[in-house]
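For reference, the structure is listed below as structure tokens.
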Amino acid sequence: MTACDAALKAFEEHRSVLTGVAYRMLGRVTDAEDVVQETWLRWSGADRGDVRDPRGYLVRVATRLAVDRLRQVQARREAYVGPWLPEPIATDYGPAVPDTAERAVLADSVSLAVLVVLESLSPLERAVFVLREAFGFPFGEIAVTLDRSEASVRQLASRARRHVDERRPRFTVDPAEQRDLTEKFLAAATGGSIENLLELLAPDVRLVGDSGGKAKAPLRVIETADKVGRFLYAVAHQPRPEAEVRFLEINGRPGALVLSGGRPDTAFTLDVADGRIVAVYLVRNPDKLGGLVA
């Protein structure tokens with residue numbers, strides 16, 4: 001095996017971790033792929049003779065690149081039209097993640113609700129949170145990755161965890177129950193009465209719609225069951241050519257992709273608590289939907 005083949009084999013072995021870290025840091029597939037590609041370029045051109053831990057080395061490079069890129073894109077997001085949501089991704093870990101507890105951690109760390117909260121962290125806080133909470137890296141290794149003292153990393157981790165806990169939804173739901181509510185939600189919105197739809201919504205339900213100004217969507221978060229229900233009912237009953245619905249797991253939650261005329265129109269996922277829908281996330285920006293079709 002040549003040195004180049006060995007480098008490629010080591011890189012491919014850890015590509016999924018690098019992609020997972022970069023996506024959770026940046027919330028956009030293209031940005032994450034750019035980070036992973038740049039990581040490969042640096043790895044393939046590096047003197048790897050003294051690298052004893054390829055995974056740690058690669059994660060260190062990818063994390064630093066993601067921190068730099070996050071600082072660049074944050075200003076761009078401030079000018080975004082309407083609410084900004086992460087780019088939705090299809091998540092089906094399959095046999096690659098057989099352990100139920102590990103699967104739950106990965107699914108939660110990539111959920112739209114958590115990624116939205118992570119947007120309010122500083123780049124360093126976000127990096128520490130992702131490496132520690134989603135991937136279980138020890139504090140000492142994170143300190144080396146970010147070129148900070150371990151004490152500083154522990155402070156960042158504590159601050160990030162406290163911030164996320166204060167703002168993240170506090171509920172756990174059986175995936176089967178969430179799938180059932182997702183199907184009922186879609187049926188009520190498209191074919192039932194508005195009363196059927198309202199019965200599924202919690203009184204304080206929130207709807208967050210992301211269009212980037214490129215499709216029809218609310219420019220502000222909509223709150224309360226009556227307002228959310230009437231908005232969804234009206235949107236669902238607008239004529240669409242050859243509408244098709246595909247149910248799939250989106251960011252670790254049961255969700256659906258609506259296609260119109262064969263093109264992706266809307267992706268949505270729900271947060272559920274006590275048998276009611278407490279949050280609806282709609283992504284209609286066409287730039288963010290291509291990956292779900294693929």
Side-chain angles (χ1 to χ4, degrees), residues 1-73 86 89 91 93-99 101-110 114-115 118 121-161 163-164 252:
M1 180 183 294
T2 66
C4 183
D5 290 338
L8 180 59
K9 181 180 178 181
F11 181 81
E12 291 297 335
E13 182 180 350
H14 304 298
R15 178 188 285 272
S16 62
V17 174
L18 304 179
T19 302
V21 169
Y23 174 76
R24 286 166 176 80
M25 282 290 296
L26 297 163
R28 193 164 179 264
V29 173
T30 302
D31 288 333
E33 290 174 344
D34 287 346
V35 164
V36 172
Q37 179 62 22
E38 180 63 26
T39 302
W40 159 248
L41 293 175
R42 298 195 180 193
W43 170 248
S44 62
D47 181 0
R48 299 179 297 276
D50 295 331
V51 178
R52 298 182 180 180
D53 178 15
R55 181 176 185 262
Y57 180 95
L58 289 166
V59 169
R60 181 160 62 250
V61 173
T63 301
R64 291 180 178 180
L65 289 170
V67 167
D68 290 342
R69 183 171 288 258
L70 183 58
R71 287 169 174 153
Q72 296 169 9
V73 302
I89 57 172
T91 50
Y93 299 109
V97 187
D99 180 71
E102 184 181 355
R103 183 184 295 268
V105 169
L106 285 171
D108 185 59
S109 69
V110 81
V114 169
L115 291 179
L118 294 188
L121 299 179
S122 73
L124 286 179
E125 288 172 340
R126 186 163 182 165
V128 171
F129 183 90
V130 168
L131 293 175
R132 180 66 180 173
E133 300 296 331
F135 295 95
F137 281 88
F139 287 117
E141 194 167 341
I142 298 173
V144 173
T145 295
L146 299 177
D147 195 21
R148 295 290 191 279
S149 68
E150 185 170 335
S152 173
V153 165
R154 287 182 179 274
Q155 282 188 332
L156 287 167
S158 177
R159 191 158 60 238
R161 163 54 61 189
H163 185 91
V164 172

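All residue numbers refer to positions in the sequence shown, counting from 1.
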**Message:** What's the separation between atom CD1 in Ile89 and atom CG in Leu115, rounded to the nearest 0.5 Å?
**Reply:** 8.0 Å
**Complete:** What one should report as the nearest heavy-atom pair of Ser109 and Val114 is O-CG1, 4.1 Å
**Complete:** What one should report as the nearest heavy-atom pair of Ala160 and Glu125 is CB-O, 3.8 Å
**Asked** What residues, two or more places apart in sequence or in another chain, satisfy side-chain contact (heavy atoms from CB on, under 4.5 Å) together with Gln72?
**Response** none
**Request:** Dump the intermediate steps for side chain to side chain contact (heavy atoms under 4.5 Å, CB included) on Asp5 and Lys9, then the final yes or no.
**Result:** CA-CA 6 Å; Asp5 290 338; Lys9 181 180 178 181; over 6 Å; no
**Message:** Between Arg24 and Phe135, is the side chain to side chain contact (heavy atoms under 4.5 Å, CB included) condition met? List the steps.
**Reply:** CA-CA 11 Å; Arg24 286 166 176 80; Phe135 295 95; 3.7 Å; yes
**Asked** So do the side chains of Asp68 and Arg71 get within less than 4.5 Å of each other, counting heavy atoms only?
**Response** yes
**Item:** Sole candidate of Val153, Leu131, Val144, Leu156 that passes side-chain contact (heavy atoms from CB on, under 4.5 Å) when paired with Phe139
**Value:** Val153
**Trace of the side chain to side chain contact (heavy atoms under 4.5 Å, CB included) decision for Val35 with Val21** = CA-CA 10 Å; Val35 164; Val21 169; over 6 Å; no
**Message:** I need the Arg64 CZ to Leu146 CG distance, nearest 0.5 Å.
**Reply:** 7.5 Å
**Distance (rounded to the nearest 0.5 Å) between Leu70 CG and Leu124 CG** = 9.5 Å
**Asked** Hey, is the main chain of Phe11 close enough, under 3.5 Å, to the side chain of Arg15 for a donor-acceptor pair?
**Response** no
**Request:** Please name the pair of heavy atoms, one in Ala10 and one in Leu58, separated by the smallest distance, quoted to 0.1 Å.
**Result:** O-CD1, 4.2 Å
**Request:** State, to 0.1 Å, how close Val110 and Gly252 come at their nearest heavy-atom pair, and which atoms those are.
**Result:** CG1-N, 4.0 Å
**Complete:** OG1 (Thr63) and CZ (Arg126) are apart, to the nearest 0.5 Å, by 12.5 Å
**Request:** Show your working on side chain to side chain contact (heavy atoms under 4.5 Å, CB included) between Leu121 and His163 and close with a plain yes or no.
**Result:** CA-CA 8 Å; Leu121 299 179; His163 185 91; 3.4 Å; yes
**Item:** Residue pairs passing the side-chain hydrogen bond (donor to acceptor under 3.5 Å, both in side chains) test where at least one lies in residues 39-58, sequence neighbours excluded
**Value:** Glu38-Arg42
**Residue pairs passing the side-chain hydrogen bond (donor to acceptor under 3.5 Å, both in side chains) test where at least one lies in residues 138-156, sequence neighbours excluded** = Glu150-Arg154
**Asked** What's the spacing between Leu26 CG and Leu118 CG if we round to 0.5 Å?
**Response** 11.5 Å
